[in-house]
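Here the structure comes first, spelled out in structure tokens, and everything after it is commentary.
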Amino acid sequence: MEKSRELHIAMFPWFAFGHMIPFLHLSNELTERGHKITFFLPRKAQSKLQHLNSHPHLITFHSLVVPQVDGLPPGTDTASDIGRSLAYLLAIAFDRTNDQVDEALRTMNPDLLLYDFAYFCAAAIAYIPIPIPDQVQLRDVSWRPPGGYPSSTTVVIRPHELRSLDFIYESFGEGITFQQRLAIALARCDAFSIRTCQEIDGRICDYIGSKYGKPVFLTGPVLSEPPLEPLEDRWAQWLAGFRPGSVIFCAFGSEYIPVKNQFQELRLGLELTGLPFFVALKPPSGAPPLKRPYRMGSRRGSEGGAWSMEGGWRSQ
């Protein structure tokens, strides 16, 4: 069989770890097939992703300087540096890196550019009307499957799930809504690539391809390799006090900031399990960060829990 041509592929994900990490997993998979990757990312994010780069001789991180935007805290590079209410300002900064990206792309002239800006599951993309009328709110879109939707699938969007997507009509950048940004990205790309597989979402993805008139490529699950770096000593020592597989791990991602009552409910709920637990989250709104993790017992018989609320980075 003739060997396929080796490609130079540029990756330009949204500045959030929930987007950059899957892109890096896909990059690792592509390099195993001999392709070369240039990965655009904010400068400060590189140190947090370097350990996930399994092929540094083929994956090159190209750091971008995130411009300062009025209202955006100084030093903001990713969505984890801010609350969700300021994400639209990060979108402005994201767009203002265009000159840096454009210059680099002209110099390297890659074969492909893979980009995203919004993560939706296959079923969610299938429900967004094409074209998307500016005046339509998703709450007005019927939750019933649209015409042509595969009748054999049970994957459907429920009314409350559809309403949760109303944020796409809010401002997300300079003079553009999230919906407009998504519509332009979908219209201008040559093909879609979705992190799923034929066995799970094949019929839906076929429907999306026919609806948009574009090819749809499925990456499969693209799971990460087990981490090779050791745990920090403090966590390794703490976990050593429990049987393997007996500790509850709870994390809500780098962007979630709980309010006080949510934090209290979470604490009580975990204590009620009676099991040891490890929670990694940002401090509740208005609460100072902890300078060190602490272990606490419970009147309810829990074996204790560790809380990391430093606002920093936790390996998982």
Side-chain angles (χ1 to χ4, degrees), residues 10-20 22-23 40-42 64 66-72 76-102 105 112-143 146-149 157 159-195 204-205 207-217 255:
M11 300 280 188
F12 185 34
W14 164 238
F15 295 162
F17 288 104
H19 292 237
M20 292 185 286
F23 266 72
F40 293 104
L41 77 174
L64 300 173
V66 180
Q68 181 59 43
V69 172
D70 288 342
L72 199 62
T76 297
D77 262 20
T78 69
S80 63
D81 296 326
I82 54 175
R84 293 195 176 187
S85 62
L86 297 181
Y88 75 100
L89 294 175
L90 182 60
I92 294 175
F94 178 87
D95 291 341
R96 290 182 182 178
T97 64
N98 178 66
D99 290 343
Q100 300 175 58
V101 175
D102 184 63
L105 290 175
L112 295 172
L113 171 64
L114 272 62
Y115 65 93
D116 77 339
F117 194 80
Y119 174 77
F120 289 93
C121 70
I125 296 176
Y127 268 72
I128 296 175
I130 301 298
I132 309 177
D134 288 339
Q135 72 277 12
V136 172
Q137 298 292 312
L138 285 178
R139 65 173 64 92
D140 299 325
V141 178
S142 173
W143 65 269
Y149 191 84
I157 301 296
H160 69 280
E161 295 171 327
L162 205 58
R163 287 192 296 271
S164 71
L165 296 178
D166 266 346
F167 73 91
I168 73 172
Y169 292 96
E170 299 173 359
S171 176
F172 211 79
E174 287 182 291
I176 189 171
T177 65
F178 196 101
Q179 168 263 325
Q180 291 167 334
R181 181 184 298 273
L182 176 63
I184 292 171
L186 295 176
R188 291 181 177 177
C189 70
D190 297 304
F192 300 145
S193 178
I194 301 178
R195 190 181 185 183
I204 295 176
C205 291
Y207 168 71
I208 292 171
S210 64
K211 185 174 182 179
Y212 284 85
K214 298 183 180 183
V216 178
F217 301 104
E255 297 181 39

Of all heavy-atom pairs linking C205 and I194, the shortest is SG-CD1, 4.0 Å
In terms of heavy-atom contacts, F172 and A87 come closest through CE1-CB, 3.9 Å
Those residues at least two apart in sequence (or on a different chain) that pass side chain to side chain contact (heavy atoms under 4.5 Å, CB included) with Q68 are L72, P74
Closest non-hydrogen atoms of A79 and A16, given as atom of the first, atom of the second and distance, are CB-CB, 3.9 Å
For Y88, the ring-ring contact (aromatic ring centres under 6.0 Å, His included) test, sequence neighbours excluded, returns none
Step by step, work out the ring pair (Phe, Tyr, Trp, His ring centres under 6.0 Å) result for W14 and F178.
CA-CA 13 Å; W14 164 238; F178 196 101; 8.4 Å; no
Compare all side-chain heavy atoms of I184 with those of I176 and state whether any distance is below 4.5 angstrom. yes
Exercise for the section: Take V216 and F192 through the side-chain contact (heavy atoms from CB on, under 4.5 Å) test and state the conclusion after the steps. Expected result: CA-CA 5 Å; V216 178; F192 300 145; 4.0 Å; yes
Does the K214 side chain pair with the main chain of I208, one donor and one acceptor, at a distance under 3.5 Å?
-> no
Checklist line | Any L64 side-chain heavy atom under 4.5 Å of F12 side chain | finding: yes
Those residues at least two apart in sequence (or on a different chain) that pass salt bridge (Lys or Arg N to Asp or Glu O under 4.0 Å) with R96 are E174
Any donor-acceptor N/O pair, Q100 side chain to T97 backbone, under 3.5 Å: no
Residue set satisfying salt bridge (Lys or Arg N to Asp or Glu O under 4.0 Å) with D99, at least two apart, ordered chain then number -> none
Sorted by chain and number, sequence neighbours left out, side chain to side chain contact (heavy atoms under 4.5 Å, CB included) with P42 holds for F15, M20, A45, V66, D77, T78
ask   = Under 4.5 Å between any side-chain heavy atoms of Y115 and C189, yes or no?
value = yes
Contacts satisfying salt bridge (Lys or Arg N to Asp or Glu O under 4.0 Å) that involve residues 176-185 (not counting sequence neighbours) are D95-R181
Going through the distances and angles, do L105 and F40 end up as a side-chain contact (heavy atoms from CB on, under 4.5 Å)?
CA-CA 10 Å; L105 290 175; F40 293 104; 3.9 Å; yes
